[in-house]
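Each remark here refers to the structure printed beneath this line.
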Amino acid sequence: MNVVYMRDKDILEERKKAREEITKPDAEYNTATNDRTAPAAYFIGPSRAIADARFRNHSSTFLMLCALALYANKAGTLFPNQKTIAELLGKTQQAVSRQMKLLEEWGYVKKIGQQNRLRKVGRKGATWRIIYDPGVSDEELTSKMVNKVEYLETQEASETMKKLSTVAQHQVVKPTAKKRQKKESYTTSRGCMSEQQREVVSNVLSNDNTNTKEISKEMVKWYITTLDLQLGTRGQFRWDERQEAIAEDIASTGVTLDQWKKEILQSIMWYKKEEKQPPFSLAFYKDAFNNKR
């Protein structure tokens with residue numbers, strides 16, 4: 001009996017393809033334009049809409065509510081792009097705007113943050129919420145998802161990487177005249193050859209290996225935080241033991257938490273710009289870091 005073994009990468013590619021296919025109907029029934037696909041395979045919507053008689057005569061408004069729910073996080077916060085939603089529903093932006101106003105009148109959605117197209121960093125669009133839980137105030141939601149927080153997170157990552165770059169340039173300590181320390185060559189995680197003192201190299205390796213488990217959890221936490229702040233949704237990603245194990249594998253190769261933060265932020269910002277689904281598994285970044293070696 002011949003047994004065919006598949007690599008993790010092959011399995012992930014097959015799953016990714018299947019999940020992409022399930023986000024849209026068969027081609028003959030697909031009304032989306034520009035081959036627009038949904039950002040996730042399922043959504044969480046307000047259950048009261050099922051028994052709301054107003055939707056009986058406004059099926060397009062119900063579909064609009066479903067589309068908004070696709071882009072909302074668990075708290076109901078979202079940053080809808082009318083052009084994207086219009087392409088997904090096969091409607092005009094004017095139609096999308098009318099449906100959103102109707103949903104707002106019916107008490108299903110609410111704008112909790114105004115747009116600011118002059119903002120240099122962070123989201124320029126308005127912040128909305130689907131009212132899942134009226135007991136949660138707008139202030140409570142905006143305290144967690146407000147654009148100011150997103151701006152600070154992005155700025156913090158940028159400033160951190162600038163500091164790391166400066167430190168890296170001055171990391172090698174020159175040997176003194178009294179005591180020359182033996183230098184050794186080693187390959188960095190980016191594939192570059194570098195010479196540092198044995199003592200410096202030893203300290204770096206020691207620091208990287210002591211808290212691998214703690215670092216891996218912080219890596220997963222940073223990933224979902226970035227998804228929430230930048231995309232307003234985690235898509236199909238689920239934090240479980242498998243993802244922690246993958247993160248631990250990545251950390252064990254020498255990838256630091258700061259390198260991880262920079263890579264994730266750049267990656268998610270690209271998916272945001274391209275309006276595509278982010279990776280559903282951290283295995284994607286495992287391959288990415290390996291390829292950079």
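Computation of the quantities below employed the complete heavy-atom set of this structure, encompassing side-chain atoms and omitting hydrogens, waters and symmetry-equivalent molecules.
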Going from CD on Gln259 to CD1 on Ile264, what distance comes out if it is rounded to the nearest 0.5 angstrom? 12.0 Å
Could you walk me through whether Phe62 and Arg56 satisfy the side-chain contact (heavy atoms from CB on, under 4.5 Å) test, starting with their C-alpha distance in whole Å, then the side-chain angles of each, then the deciding distance to 0.1 Å, before giving a yes or no? CA-CA 9 Å; Phe62 183 78; Arg56 304 288 175 83; over 6 Å; no
Do Val136 and Arg129 come close enough that some side-chain heavy atom pair is under 4.5 Å? yes
Keeping Ser252 on the side-chain end and Asp249 on the backbone end, is there a donor-acceptor pair under 3.5 Å? yes
Verdict with supporting geometry, Gln82 and Met100, side-chain contact (heavy atoms from CB on, under 4.5 Å): CA-CA 10 Å; Gln82 291 190 4; Met100 287 190 68; 4.1 Å; yes
Would you find more than 12 non-hydrogen atoms of other residues, nucleotides or ligands less than 6.0 Å from Glu274 atom CD? yes
Nearest atoms (heavy-atom pairs only) where Ala41 meets Ile22: CB-CG2, 3.9 Å
Could you go step by step and tell me if Thr33 and Glu87 meet the side chain to side chain donor-acceptor pair (under 3.5 Å) rule? CA-CA 5 Å; Thr33 59; Glu87 291 175 350; 5.1 Å; no
Do Pro278 and Thr233 touch side chain to side chain, with heavy atoms closer than 4.5 Å? no
Distance, nearest 0.5 Å, that separates OG1 of Thr61 from CH2 of Trp106: 5.0 Å
Tyr108 ring centre to Arg48 NZ or CZ under 6.0 Å, with the angle to the axis within 45°? yes
Let's go through Leu103 and Leu68 carefully: what are the C-alpha distance in whole Å and the side-chain angles of both, what is the deciding distance for side-chain contact (heavy atoms from CB on, under 4.5 Å) to 0.1 Å, and is it a yes or a no? CA-CA 10 Å; Leu103 287 172; Leu68 292 176; 3.9 Å; yes
Once you measure the plane-to-plane angle for Tyr223 and Trp260, does it fall in the parallel (<30°), tilted (30-60°) or perpendicular (>60°) bin? tilted
Heavy atoms of Ile130 and Ala72 approach each other most closely as CD1-CB, 4.0 Å
Check: Arg36 main-chain N/O paired with Asn34 side-chain donor or acceptor under 3.5 Å: no
Run the side-chain contact (heavy atoms from CB on, under 4.5 Å) check on Ile268 and Leu227 step by step: do they pass? CA-CA 7 Å; Ile268 299 304; Leu227 288 176; 3.5 Å; yes
Could you tell me whether the side chain of Lys213 reaches within less than 4.5 Å of the side chain of Lys217, counting heavy atoms only? no
Heavy-atom count check: over 12 atoms from other residues, nucleotides or ligands less than 6.0 Å from Arg242 CZ? no
Could you state the interatomic distance from CD (Glu263) to OG1 (Thr256), rounded to the nearest 0.5 Å? 11.0 Å
Between Leu231 and Met219, is there a shared hydrophobic cluster once you connect ILVMFWY residues whose side-chain heavy atoms come closer than 4.5 Å? yes
Is Phe79 linked to Trp128 within one hydrophobic cluster, defined over Ile, Leu, Val, Met, Phe, Trp and Tyr using a side-chain heavy-atom separation of less than 4.5 Å? no
Could you work out, with salt bridge (Lys or Arg N to Asp or Glu O under 4.0 Å) as the rule, every residue matching Lys221, not counting sequence neighbours? none
Around Ile224, counting heavy atoms of other residues, nucleotides and ligands shown, do more than 12 lie under 6.0 Å from its CD1? yes
Do the side chains of Tyr271 and Gln277 get nearer than 4.5 Å, heavy atoms only? no
No-hydrogen, no-angle side-chain donor-acceptor test under 3.5 Å, Glu248 and Thr212: no
Between atom OG of Ser97 and atom NZ of Lys101, what is the distance when rounded to the nearest 0.5 Å? 4.5 Å
Does some side-chain heavy atom of Thr127 sit less than 4.5 Å from a side-chain heavy atom of Lys111? no
Applying the 4.5 Å side-chain criterion to the ILVMFWY set and letting contacts propagate, would Ile131 and Leu70 be lumped into a single cluster? no
Hey, what do you get for CG (Leu65) to OG (Ser60), rounding to the nearest 0.5 Å? 12.5 Å
On a heavy-atom basis, which atom in Gly45 and which in Ala69 lie closest, and how many Å separate them? CA-CB, 4.4 Å
Flag side-chain contact, heavy atom, 4.5 Å: Phe237 against Ser281: no
Please report the interatomic distance CD(Gln243) to OG(Ser216), rounded to the nearest 0.5 Å. 11.5 Å
Non-hydrogen atoms of Gly76 and Tyr132 that approach each other most closely: CA-CE1, 3.5 Å
Taking a hydrophobic cluster as the set of Ile, Leu, Val, Met, Phe, Trp and Tyr residues connected by side-chain heavy atoms closer than 4.5 Å, whether directly or through intermediates, do Leu282 and Trp270 fall within one such cluster? yes
Could you tell me whether the side chain of Asp52 and the main chain of Arg54 form a donor-acceptor pair under 3.5 Å? yes
If hydrophobic clusters are built from ILVMFWY residues whose side chains come within less than 4.5 Å, do Leu89 and Tyr29 share one? no
Report the C-alpha distance between Glu244 and Trp239 in whole Å, list the side-chain angles of each, state the deciding distance to 0.1 Å, and finish with yes or no for side chain to side chain donor-acceptor pair (under 3.5 Å). CA-CA 8 Å; Glu244 287 187 6; Trp239 186 343; 2.9 Å; yes
With a 4.5 Å heavy-atom cut-off, do Asn73 and Arg234 have their side chains touching? no
I want to check something: taking the side chain as every heavy atom from C-beta on, are Thr84 and Tyr71 in contact at a cut-off of under 4.5 Å? yes
